[in-house]
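Note sheet for the following structure.
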Amino acid sequence: MKLRIFGPKEKVVKGMEETTAGLMKYVFAAPRWKNTIPVTLALSLVVGAGVFNFGWRENLLAGLILIGVPAVLAAAFTHPLARLLQGTMTVNRSALLAFVGAVIISVFCVVGALISFAIGWQLTISAYVMSLGAVFAFRILVLIAITQKSFVRNLVPASLQTVFGALFLLLFGATGYVVNLVAISVVFTLGALVIIRYVDAPLRKSFGVSGMDFIRSYIAQTVEGAPGMEDFFKKIGEAVEVPVTTLSFMTNERVKATFVVPAVHPGPVGEIGGGNLPVRIVNNLDDGGEIFVPHGTATHDFNLVSATESLKIVEAAARAVENTQYTADASKSIRVQRGAIKLLAQRFGDSVLFVSTLSPESTEDIEYGLGLVANAEARTRGVQHAVLIDAHNCTAPYASSMWAGTKNSFDLIDAIREASSRLMQSERLKSDIKLGIARRGPIFGRDEGMGDLGIQVALVEVAGQRTAYVLVDANNMVSNLREIIVSALKVDEAEVMTTDNHVVNSYSGINLLGFKADNGILLKAIIELVDEAQANLEPVRVGMNTQQASGVSVFGSQKTAQLASTVTAIMAMGGALGISVIIASFAISLLLVIFNR
């Protein structure tokens with residue numbers, strides 16, 4: 001059985017994860033140089049045979065010497081020269097850059113040959129000279145983008161293909177082109193510098209960092225795995241205080257399970273920054289038993305700027321577990337609904353766990369400040385420790401987060417108020433808590449919307465009532481999938497949550513659980529895990545504690561929206577600007593060739 005669930009259309013509002021992941025379509029790993037070089041040489045022979053006018057053998061030789069050999073030499077020398085000048089360039093990238101240069105030369109030569117045939121002028125060599133200037137500008141633009149920002153240091157490696165081509169042109173009796181070549185190179189290079197200025201200025205003005213640094217860092221992170229983007233985000237980040245709340249269940253011998261709920265966001269995409277935060281917490285937190293990391297109250301403004309910041313979250317969680325005071329008292333779980341808000345709440349001693357969803361309406365991030373208000377509202381009702389989990393279990397593409405001032409935010413606070421009052425005043429505490437846990441590794445890949453932690457189930461039994469807390473390592477779910485899962489579970493109460501782990505968004509800003517995966521398999525696995533958790537039930541004591549993680553560096557207030565809008569604007573206008581610059585540079589170069597014939 002393969003269930004497919006699709007929700008209603010939502011207003012399209014792109015966020016940071018969509019914008020950043022969308023850049024992936026422009027980024028790829030360069031092919032191996034052993035494949036690129038033969039293709040370059042073959043291209044040079046084909047173009048040479050078709051555009052030059054020396055005789056067929058001489059044409060093949062001309063194509064090889066003027067197009068193929070300069071490309072091969074440039075590929076060979078660009079890599080070590082860039083390294084020598086403190087830049088970064090792989091052999092594969094060097095070969096690909098030379099191949100693209102050969103393609104540019106080929107296009108110019110073909111156009112020149114066609115014009116020559118049409119008007120009777122011999123413009124092929126002139127077109128070749130123009131192409132050498134264009135290739136120089138293109139190479140310096142690319143080298144600045146992917147190696148280092150110094151224009152001067154990139155001059156020598158950028159000029160290799162142009163210089164070799166110009167020198168080999170002497171072998172075919174061409175002279176008097178040096179002035180044109182220099183002038184054309186200057187024209188195209190000025191055009192390239194205009195593009196660099198356009199990319200650089202908006203981010204520099206808004207954040208005080210270079211736009212080319214952003215591009216260079218993004219390529220380094222996504223292609224090479226180097227922490228390039230994290231270096232960029234560190235420059236724009238700001239330090240905040242992050243509450244980290246733990247809910248621990250202890251048997252007579254050990255801590256059996258711990259919920260860790262930090263008020264940070266596990267994004268923006270892939271392994272960058274806070275991406276894969278749940279895995280980092282699970283792998284580094286000792287003595288917490290089975291670790292559950294549901295989504296706290298935080299938007300992309302609270303993305304960690306680097307993976308190392310997650311250690312501050314782990315340290316705070318460890319302190320919280322260490323300072324937890326345990327009790328055998330708990331209440332049955334209750335449901336409260338206000339407007340679209342559906343709240344599951346359960347009291348443990350004088351602490352309360354809240355899980356919020358809007359399903360089947362879109363359930364996106366809850367802002368940091370709203371989470372603080374919710375916890376403060378609970379404390380006014382006598383709650384000692386409170387934690388609000390964003391179930392994050394139903395959405396459509398580009399749905400909005402929950403911000404203070406919206407109707408949903410007021411409904412959430414009202415629901416917290418009612419649930420706290422009921423639990424602290426009316427619901428009777430029982431002293432027979434049992435916990436059963438079960439876990440299964442990922443049954444789908446990241447590309448299908450599931451992260452490395454797979455599926456976890458915590459089954460809490462109090463006075464005969466069984467409440468299933470199901471946590472899937474994913475970034476949200478398609479509409480109505482949550483309802484199907486909850487209705488299929490043979491327990492008294494249940495909620496399905498996702499970690500909001502953006503590790504599944506490396507190549508797409510939208511990768512909801514249930515969109516690509518076989519939901520019949522998912523449902524079967526969860527039902528089996530709940531059964532396993534029931535078999536694992538045993539008496540426990542429980543305790544909640546909150547500790548502050550200080551000086552955690554995150555993106556900062558509104559930085560996400562500002563960065564996303566700036567990058568989107570650059571991408572939207574960059575194509576038109578690039579085409580305009582190329583046309584203008586080509587026109588000026590053509591005039592130079594005509595008047596200097």
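One finds a salt bridge joining R446 and D452 here, because a Lys/Arg side-chain nitrogen approaches an Asp/Glu carboxylate oxygen to under 4.0 Å. Classification of R482 and E495 as a salt-bridged pair holds, one side-chain N sitting under 4.0 Å from a carboxylate O. For K516 and E448, the salt-bridge test fails: no basic side-chain N is under 4.0 Å from an acidic carboxylate O. Using a 4.0 Å cut-off between a side-chain N of Lys or Arg and a carboxylate O of Asp or Glu, E538 and K256 qualify as a salt bridge.
Of the residues listed (Y368, F302, F233), the one engaging F555 in a ring-ring contact (aromatic ring centres under 6.0 Å, His included) is F233, and it is the only one. When R335, R466, K332 are each tested for a salt bridge (Lys or Arg N to Asp or Glu O under 4.0 Å) with E493, only one passes: R335.
No donor-acceptor pair closer than 3.5 Å links the side chain of R422 to the backbone N or O of M424. Distance alone, capped at 3.5 Å, is enough to place a donor-acceptor pair between the S409 side chain and the T406 backbone. In terms of modelled atom types and a separation under 3.5 Å, the side chain of Q346 and the main chain of A330 share no donor-acceptor contact. In this structure, N475 contributes its side chain and D500 its backbone to no donor-acceptor pair below 3.5 Å. Within the 3.5 Å criterion, the main-chain N or O of Q425 finds no donor-acceptor partner in the side chain of R381. N536 places a side-chain N or O within donor-acceptor distance of the main-chain N or O of I437, the cut-off being under 3.5 Å. A donor-acceptor pair under 3.5 Å is formed between the side chain of R280 and the backbone N or O of G275. With hydrogens and angles disregarded, a donor-acceptor distance shorter than 3.5 Å links the side chain of T324 to the backbone of A320. No donor-acceptor pair under 3.5 Å is formed between the side chain of S351 and the backbone N or O of Q384. Between the side chain of Q337 and the backbone N or O of G339, at least one donor-acceptor pair lies under 3.5 Å.
Side chain to side chain, S359 and E483 meet the donor-acceptor criterion of an N or O pair below 3.5 Å. Inspection of the E241 and S550 side chains reveals an N or O donor paired with an N or O acceptor under 3.5 Å. Under 3.5 Å, the side chains of N501 and D473 contain a donor-acceptor pair of N or O atoms. Looking at Q547 and N545, their side chains do bring a donor and an acceptor atom within 3.5 Å of each other. Judged by distance alone, the side chains of D365 and H265 do bring a donor and an acceptor atom under 3.5 Å apart. Donor-acceptor pairing under 3.5 Å is lacking for the side chains of N476 and T498. Using a 3.5 Å distance cut-off with no hydrogens or angles, the side chains of T258 and S248 do pair a donor with an acceptor.
Residue V305 comes nearest to K234 through the heavy atom pair CG2-CG, 3.9 Å, listed as atom of the first residue, atom of the second, then distance. Closest of all the heavy-atom pairs between A438 and A533 is CB-N, 3.9 Å. Shortest non-hydrogen contact noted between V255 and G288 is CG1-O, 3.6 Å. A pairwise comparison of heavy atoms in A463 and K430 identifies CB-CG, 3.5 Å as the closest pair. Heavy-atom minimum distance, F348 versus V460: CE2-CG1, 4.2 Å.
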Pair up each side-chain donor or acceptor in residues 522-529 with any protein partner under 3.5 Å, not counting sequence neighbours, and list the distances.
unit_1 : atom_1 : unit_2 : atom_2 : d
K524   : NZ     : E528   : OE2    : 2.5
E528   : OE1    : R440   : NH1    : 3.0
E528   : OE1    : R440   : NH2    : 3.1

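Ring geometry for H300 versus H502: interplanar angle over 60°, hence perpendicular rather than tilted (30 to 60°).
The neighbour count for R428 CZ, taken as heavy atoms of other residues, nucleotides or ligands under 6.0 Å away, does not exceed 12.
Residue pairs meeting the salt bridge (Lys or Arg N to Asp or Glu O under 4.0 Å) criterion with at least one partner in residues 401-411, sequence neighbours excluded, are K407-D411. Note on residues 304-318: pairs passing salt bridge (Lys or Arg N to Asp or Glu O under 4.0 Å), not counting sequence neighbours, are E309-K312.
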Next item on the list: Mind running side-chain hydrogen bond (donor to acceptor under 3.5 Å, both in side chains) on N393 and T357 for me, showing each step along the way?
Entry: CA-CA 7 Å; N393 57 9; T357 182; 2.6 Å; yes
